[in-house]
Amino acid sequence: MRLPLLLLLASLNAAAQNQSQGKPQPQVPQVRIGVVAPLSGASAHMGKDIENGARMAIDDLNATGPQIGGRSVQFVLQVEDDAGDPKQGTAVAQKLVDAEVAGVVGHLNSGTSVPASRIYAAAGIPQITPAATTPLYTRQGFQTAFRLVANDNKIGEVLGRYAVHTLKARRIAVIDDRTAFGQGLADAFLKGVRAQGTAADAVSRQYTNDRATDFNAILTQIKARQPDLIFFGGMDAVAGPMLKQMKSLGMNLRFLSGDGICSERLPQLAGDALADNQLTCAVAGGVTGNYDVGYRAFVDRYQQRYKLPLQTYAPYAYDAVMLLAKSMQAAGTAVPKQYLPELAKIKYQGVTGAIGFDRYGDLANPAVTLYTYRGGRKIRIDILH
């Protein structure tokens, strides 16, 4: 049984009366949290990672005998598949609003997160994305939109600096998949490159789409421009085949990208085309020091539970659920508009580090973690701020 939290007091008073009269006690009221991610399509492994992380948080919460306002509750998930499609994303967003969820964790993609955020905002329901990086998401003026990772501006700044000063790139080719995420990241990267004040710049700008499998035409054009680095804005399902075709064309170039390709699945998608240290990718988050111990413990627990490698976003989804729950408990209510102020000012020590939000709903002082691949394994290089 699911009851709005405004009815908690009445239902629990009735339960006490029933118990005193020898009647069966009603079921503990449920607080429903929505989780939305692509559970079908090319990014389904990333979406499942989000669902799994959120489910771990729900189970951990319920194991503590949670209370809100001194009254026992049970947290439950309502999981929806947006397939990475904006139209489906808005449809499931409305479904969650109609279901009167207390908060939402999602979406994965920038292209689904932005239109869905308008629906949650109109209903006053807090939304925390564990993955979407477009700056637009938190710049629409919605008090309900929060993000647990660095945005594209920060990632572009870090990757631009890294490309110029560490990789010594001067002739750069840029490819993006025309999604809100891919194009936004590529634009931010180029801005980051130009901010370095050097002669480095794009010698080729090419476009594909998030379902493409044939890149020979654009790669041939890029090869003719003789770049020393390729930057790709997009996801691993496209990057893997692209790396294979680069190898077949004899393009032994450094490859740079964001967290969309920075998965445990990429070596399977790229096969032997993924040479050691060829690729550098940036994940919009990262922990150091004492937080690293907790993060690694979470990864171990995740892998033991699901018998799967953690892809990227499960820890952020876990923290997102915890943030919603802790805010409700601090406010003494799960009514979205009433606990929202607590979420906006929260200071929380999570699996992914110290969490607090700026006035836009972005993560304060976000980190960016750089990875490469060696022997088919993802290896952390550095964590930058």
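We number each residue from 1, following the sequence as shown. When reading the values below, keep in mind they use all heavy atoms of this one structure, side chains included, and skip hydrogens, waters and symmetry mates.
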* To do: Begin from the C-alpha positions of N109 and F181 and carry the test side-chain contact (heavy atoms from CB on, under 4.5 Å) through to its verdict.
  => CA-CA 7 Å; N109 308 87; F181 164 68; 5.9 Å; no
Do [X] and [Y] meet the criterion of a side-chain donor-acceptor pair at a distance under 3.5 Å?
X    : Y    : value
R118 : Q140 : yes
D49  : Y302 : yes
T312 : D259 : no
Y162 : D382 : no
D98  : Q94  : yes
R147 : T138 : yes
Q206 : S204 : yes
D319 : T352 : yes

Going through the distances and angles, do D236 and S263 end up as a side-chain hydrogen bond (donor to acceptor under 3.5 Å, both in side chains)?
-> CA-CA 7 Å; D236 58 358; S263 69; 2.6 Å; yes
Is it true that the NZ or CZ of R139 lies under 6.0 Å from the centre of Y360's six-membered ring and within 45 degrees of the ring axis?
->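 Judged by the rule (NZ or CZ under 6.0 Å from the ring centre, within 45° of its axis), R139 counts as positioned above Y360.
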Open item on the list: For the backbone of Q88 and the side chain of D82, can you confirm whether one donor and one acceptor N or O come within less than 3.5 Å of each other?
Closed with: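 Here the side-chain-to-backbone pair does not exist.
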Quiz prompt | Residue list, side-chain hydrogen bond (donor to acceptor under 3.5 Å, both in side chains) with K326, at least two apart or on another chain | solution =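 Once residues adjacent in sequence are excluded, K326 has no partner under the side-chain hydrogen bond (donor to acceptor under 3.5 Å, both in side chains) criterion.
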Can you name the side-chain hydrogen bond (donor to acceptor under 3.5 Å, both in side chains) partners of Q303, sequence neighbours left out?
->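 If we apply the side-chain hydrogen bond (donor to acceptor under 3.5 Å, both in side chains) test to Q303, skipping adjacent residues, there are no hits.
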Pairs in or reaching into residues 186-199: which pass side chain to side chain donor-acceptor pair (under 3.5 Å), with residues at least two apart or in two chains?
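Residue pairs with at least one partner in residues 186-199: H165-Q196, D187-R205, R194-D201.
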Over all atoms of both residues, closest heavy-atom pair of V104 and L324
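Here V104 and L324 meet closest at N-CD1, 4.0 Å.
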Is any side-chain N of the basic residue among D59 and R55 closer than 4.0 Å to the acidic one's carboxylate O?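 No, D59 and R55 are not salt-bridged.
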